[in-house]
Undergrad: 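Please see the structure below; I have some questions.
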Amino acid sequence: MSRLLIQQYEIGPLNNFLYLLGDPETKEMAIVDPAWDVDFLASEAKRLGYKITKAFLTHAHPDHVNGLNKLLAIHQVPVYISKYEIPAMRPRITNLVEVTQQDKLSVGKISFDVLYTPGHTPGCQCFLAQGQLFTGDTFFIDGCGRCDLPGSDPKAMYNSLYNILMKLPDETVVYSGHNYGPTPTDTMGNQKQTNPYLQYNSLKEFLVERMGL
Ligand SMILES: [Fe+2]
């Protein structure tokens with residue numbers, strides 16, 4: 001089994017992190033959140049000697065998917081998105097593949113678990129392979145996604161953070177959807193120490209601090 005190739009790019013006015021994830025053995029690659037400058041990302045894949053064969057969407061907010069039509073014009077690839085997020089897609093993209101928590105995704109021979117982590121949006125999902133976690137806007141280094149937007153649910157966010165992501169091994173490396181923290185990546189173990197949103201003892205405390213409830 002080859003080791004997952006991870007290319008992290010900060011692109012766009014909102015400090016989005018976009019990712020190319022490749023299997024060095026098969027030279028297949030997935031793009032996580034095709035946005036802002038897909039021409040550049042596609043050229044990067046080519047420069048590295050890979051072929052983009054899939055797109056994984058963490059959620060449907062425009063700053064994560066505004067390059068999807070462009071991507072599909074270049075590469076007719078399947079687009080994996082939570083079934084709970086599909087209603088938010090405008091316009092509807094024909095290549096969407098519904099994903100649920102039980103599904104496994106793959107890039108070449110490398111398998112990804114799908115973690116369903118609603119809260120920021122109804123269909124936020126994270127992708128996990130070889131101890132590397134791609135969190136979109138569910139989790140940032142020293143932060144977490146906004147819970148005050150249409151479709152947000154702060155109680156669901158609490159559950160996603162405390163009962164799903166914090167249960168992962170401490171050595172899990174987090175790759176988030178925006179460059180909002182002091183470092184581009186961190187381990188979950190460190191984040192348990194420094195991320196202010198992981199310091200609460202109850203849902204009630206979390207809601208008070210996150211939402212002023
Ligand atoms: Fe978002």
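Whatever order the structure lists them in is the order used to number ligands and atoms, beginning at 1.
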Undergrad: Give a yes or no on whether D137 keeps an N, O or S atom under 2.8 Å from the Fe ion (ligand 1).
TA: yes
Undergrad: May I have the angle between H59 NE2 and H120 NE2 with its vertex at the Fe ion (ligand 1), rounded to 10°?
TA: 100°
Undergrad: Assess the pair F112 and F56: is the distance between their ring centroids shorter than 6.0 Å?
TA: yes
Undergrad: Return the name of the atom in H61, of element N, O or S, nearest to the Fe ion (ligand 1).
TA: ND1
Undergrad: Under a plain distance cut-off of 3.5 Å, with no hydrogens placed, do Q7 and Y19 share a side-chain donor-acceptor pair?
TA: no
Undergrad: Parallel, tilted or perpendicular: which one describes the rings of H61 and H59, with boundaries at 30° and 60°?
TA: perpendicular
Undergrad: Does the shortest distance from the Fe ion (ligand 1) to an N/O/S atom of H64 fall below 2.8 Å?
TA: no
Undergrad: For atom NZ of K70, decide whether the heavy atoms of other residues, nucleotides or ligands shown that lie under 6.0 angstrom number more than 12.
TA: no
